[in-house]
Each structure stands twice: as structure tokens, then as C-alpha cells.
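Only heavy atoms go into these numbers, but all of them, side chains included; no hydrogens, no water, no symmetry mates.
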Amino acid sequence: MSNNLGVMRCTQAVAQHMLPRKQGLLVNIYGQGSFLRPASPTGLYGTTKAWLTSFTRTLAVELKSSGVQILGFSPGMMLTDMLTSPTVVGERGKEQMQRFVLYCAS
């Protein structure tokens, strides 16, 4: 939910500056779930990203002739500490995360 509210509030804030100037570029970063495929075991995260995709596409249509450009960007999986050094609780969690996490040898 905070993904959704943060994007919506940020969009409202920057739109106040971009729309009167009739220029600007707003970029939303998509993630797992953005393209309406199951995002198990990260279903709630995937749900917020599916919402983001719909929000971005709708905003692009609504602001089409405003001079403000709306872009949705999907960079793919990004290498972060969350992927290379995860904290996993329990064997089941460890099993599930092995499908998504890159373990880097030190």
C-alpha cells in the first residue's frame, strides 16, 4: 500500500509544477507483478506493482496532450543487498528465496 500512496502523492506534487509549465517527465519503475503475472511468494509487492502499471498507463492517457510525458520503466531484477545478503527466517522461507536470490561467494 505504501508503494501506491507514495507514487500517488509524489505524482500529485510534481504535477503541480509540471502541468502549468506544460513540460516534464515522470518515470515510474515497474517490478515483479507489473505485467499481471503471479508474483509468488511476493504477492503483496506484486499487487502494488500491478497497480502502478495501471496507474502509469492511465496517467499517460489522461495527460497525453498536457506536455508532460509519463514513462513506465522495467529494468528487470536489480542487484541489491536484499538479493545478495538476505535475512531469511525458517527453512521454508529459505527454500522459497533460493528461487529469487543471487548468492554471491565472498
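T56 pairs by the side-chain hydrogen bond (donor to acceptor under 3.5 Å, both in side chains) definition with N28, not counting sequence neighbours. Applying the side chain to side chain contact (heavy atoms under 4.5 Å, CB included) criterion to V27, with sequence neighbours excluded, gives L25, L71, F73.
At a threshold of 4.5 Å between non-hydrogen side-chain atoms, the residues L59 and V68 do not count as touching.
Pairs of residues two or more places apart, or lying in two chains, never qualify as side-chain hydrogen bond (donor to acceptor under 3.5 Å, both in side chains) while including a residue from residues 60-75.
Checked by atom type and distance alone, the side chain of S54 never pairs as donor or acceptor with a backbone atom of A50 at under 3.5 Å.
Closest non-hydrogen pair, M8 versus F55, comes out as CA-CZ, 4.4 Å. Summarising the geometry of I29 relative to P75, their closest heavy-atom pair is CG2-CD, 3.7 Å, with the distance given to 0.1 Å.
Note that CD1 of I70 and OG1 of T58 are 11.0 Å apart. Values are rounded to the nearest 0.5 Å.
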For residues 10-19, run the donor-acceptor check on the side chains, cut-off 3.5 Å, and write out each pair with its distance to 0.1 Å, sequence neighbours left out.
residue	atom	partner	partner atom	Å
T11	OG1	V7	O	2.7

